[in-house]
Protein chains: 2
Amino acid sequence: MATLGDLERAVMDLLWEHQEAITANSLRDLLSQRPSTEDSTVESRPLAVTTVLTVLSRLEKKGLVERERSSRPHRYRAVTSREDHTAELMLEVLGSAPDREAVLARFIGTVSPGEAETLRKLLGH
Amino acid sequence: MATLGDLERAVMDLLWEHQEAITANSLRDLLSQRPSTEDSTVESRPLAVTTVLTVLSRLEKKGLVERERSSRPHRYRAVTSREDHTAELMLEVLGSAPDREAVLARFIGTVSPGEAETLRKLLGH
DNA sequence: ATAGAACTTCTACAACAAGTAGAAAAGTAT
DNA sequence: ATACTTTTCTACTTGTTGTAGAAGTTCTAT
């Protein structure tokens, strides 16, 4: 399902950081501060607003973003939190295969001790 | 990184089912039995072997497949097990964000009771 | 050793996703 | 009404994937 491109991802990251819905113009400004590829040598021209709007439309079509059409410069917000979205993606990757448990075993083996501790608590011993 | 197309995925699934390395021809045969979209009405022409070879080359480039160039019809095998691959993908999705624990919390909330039990055991006492 | 078969590599094209943005249309404010 | 802002439409470019023919290479059987 939802595999995001670099710009789409950058936009989602900004939306996730913002509790309130924000406009395409604000997003463009925020994006121009946040250099895409951490390449300090080049100061690239900021994106056109239409570019941001196109991306937002696509994200809306994908169900990741919704917009307030009521407020005049439309305002956009993420539909789900980053955590929920990531967790959903992980589930999607995990899938409904018969080897789910084996996958989980491998997965668990890689989390940090601190996280393992957290998980243990969450699972309620 | 590795987002696979439908055919690439189908090929990987077959390779994962096979312990031994197999040829492109065998794969083509297996693929023609396994209908891609479960659409029983249409009996589509089997793929050309070159198609399978192209896909295998791409999977090789992605590091998911390796081939025995020694045996004459080259034989292909998956580099990692499906479980390992899936677990890696999950980790990739989880990423190195600061909200990893929050994501894990959401994630854990969705696994089945049986799986939760398994996880509990895996995490130790 | 050689012709034909089998196999691999090269090249190519169509379809689609994603980055990018101008042109045109629609809404707003004075 | 008119100038300005915002949104939608349309479009081009690049990269990925499905698809496979053409060309090149390597066997194999005689």
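Reminder, nothing fancy here: chain letters follow the sequence lines and each chain counts from 1. These numbers were taken from a predicted model, which means no experiment stands behind them.
- Here the side chain of B:Trp16 pairs no donor or acceptor atom with the backbone of B:Glu83 at under 3.5 angstrom.
- Nearest-nucleotide positions on DNA chain C for A:Leu4 and B:Val49 put B:Val49 closer to the 5' end.
- Considering only side-chain N and O atoms, B:Asn25 lies under 4.0 angstrom from the phosphate OP1 or OP2 of C:dC7.
- A salt bridge is absent between B:Arg77 and B:Glu20: the closest approach of a Lys/Arg side-chain nitrogen to an acidic carboxylate oxygen does not fall below 4.0 angstrom.
- At a threshold of 4.5 Å between non-hydrogen side-chain atoms, the residues A:Leu31 and A:Leu7 count as touching.
- Residue B:Leu7 is classed as a sugar-phosphate contact, given heavy-atom separations below 4.0 Å to backbone atoms only.
- The phosphate of D:dT8 (OP1 or OP2) has no side-chain N or O of A:Lys61 nearer than 4.0 angstrom.
- Look at A:Arg45 and you won't find any side-chain N or O under 4.0 angstrom from OP1 or OP2 of C:dT20.
- Contact annotation: B:Arg28 does not reach the phosphate of C:dC7 (side-chain N/O to OP1 or OP2, under 4.0 Å).
- A:Ser26 and A:Thr23 form a side-chain donor-acceptor contact under 3.5 Å, judged by distance and modelled atom types alone.
- Listed pair A:Thr51 / C:dA21 meets the phosphate criterion, a side-chain N or O lying under 4.0 Å from OP1 or OP2.
- With the nearest nucleotide of DNA chain D identified for both A:Arg75 and A:Arg58, A:Arg75 has the one nearer the 5' end.
- OP1 and OP2 of C:dC7 both lie 4.0 Å or more from every side-chain N or O belonging to B:His74.
- Side-chain nitrogen and oxygen atoms of B:Arg69 include none within less than 4.0 Å of the OP1 or OP2 phosphate oxygen of D:dT25.
- Residue contacts for A:Thr54: at a heavy-atom cut-off of 4.0 Å it reaches a base atom on one of the strands shown.
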